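Starting from 1, each residue takes its place in the sequence as its number. Worth saying up front: this structure is predicted, and the values here are computed from it rather than measured. Values below: every heavy atom of this structure, side chains too, minus hydrogens, waters and symmetry copies.
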Amino acid sequence: TIPCSICQNANPVIESLNKQINQARSVTDKAYFARKLMTKVEDVLGEHGPADDPVGKACRIVLALRKQTAQLILKAQKKGA
């Protein structure tokens, strides 16, 4: 766990969205939750200040990975997977 109060506060929502993505049966349903996840990640990224400190950098890396996952789901939906 990263010792960041911003990410710790957002983590329950992010984890819930990840769980909903994993449990969704169709790409369309997964895409719905992926969009919500991307919005939440963008909100959390906006709450962080400069990424100069090590904790801020770690948070940005984790959030970027979550965003990439959501983007892959949306890309799959566009391709009709």
Side-chain angles (χ1 to χ4, degrees):
T1 304
I2 299 171
C4 169
S5 62
I6 295 168
C7 286
Q8 287 174 348
N9 289 337
N11 197 51
V13 173
I14 290 172
E15 288 296 323
S16 175
L17 289 168
N18 277 334
K19 185 176 180 181
Q20 290 171 307
I21 289 168
N22 291 335
Q23 290 177 343
R25 295 190 181 263
S26 71
V27 175
T28 301
D29 291 341
K30 289 180 184 292
Y32 172 79
F33 294 113
R35 282 187 201 90
K36 288 183 163 237
L37 177 60
M38 285 184 60
T39 299
K40 183 62 179 176
V41 166
E42 289 294 330
D43 290 346
V44 175
L45 282 169
E47 291 180 42
H48 279 83
D52 295 337
D53 67 291
V55 173
K57 284 182 181 181
C59 290
R60 289 180 187 281
I61 290 169
V62 170
L63 291 168
L65 290 171
R66 292 187 183 274
K67 185 176 178 180
Q68 286 176 352
T69 301
Q71 288 171 328
L72 286 172
I73 292 167
L74 295 175
K75 188 174 183 179
Q77 182 194 30
K78 286 182 183 177
K79 288 190 176 193

So which heavy atom on [X] is nearest to which on [Y], and how close?
| X | Y | result |
| --- | --- | --- |
| Val27 | Ala76 | CG1-C, 4.1 Å |
| Pro3 | Val55 | O-CG1, 3.8 Å |
| Ala24 | Asp29 | CB-CB, 3.7 Å |
| His48 | Ile6 | CE1-CG2, 3.6 Å |

Legend entry - Side-chain (Lys30) to main-chain (Ile21) donor-acceptor, under 3.5 angstrom: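 Side chain of Lys30 to backbone of Ile21: a pair is present.
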Legend entry - Donor-acceptor contact below 3.5 Å, side chain Asn9 vs main chain Ser5: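 Judged by distance alone, yes, a pair lies under 3.5 Å.
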Out of curiosity, [X] [atom1] to [Y] [atom2], how far, rounded to the nearest 0.5 Å?
| X | Y | atom1 | atom2 | result |
| --- | --- | --- | --- | --- |
| Thr69 | Gln71 | OG1 | CD | 9.0 Å |
| Ser26 | Tyr32 | OG | OH | 12.5 Å |
| Arg35 | Leu17 | CZ | CG | 13.0 Å |

Would you mind reporting whether [Y] and [X] have side-chain heavy atoms less than 4.5 Å apart?
| X | Y | value |
| --- | --- | --- |
| Lys40 | Lys36 | no |
| Cys7 | Leu63 | yes |
| Leu74 | Gln77 | yes |
| Asn18 | Arg66 | yes |

Inset, instruction - State yes or no: do Val41 and Met38 share one hydrophobic cluster built from I, L, V, M, F, W and Y residues joined by side-chain heavy-atom distances below 4.5 Å, directly or via other members? - result: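 Val41 does not cluster with Met38.
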Legend entry - same_hphob_cluster(Leu45, Val13) at 4.5 Å side-chain heavy-atom cutoff: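 Both belong to a single hydrophobic cluster.
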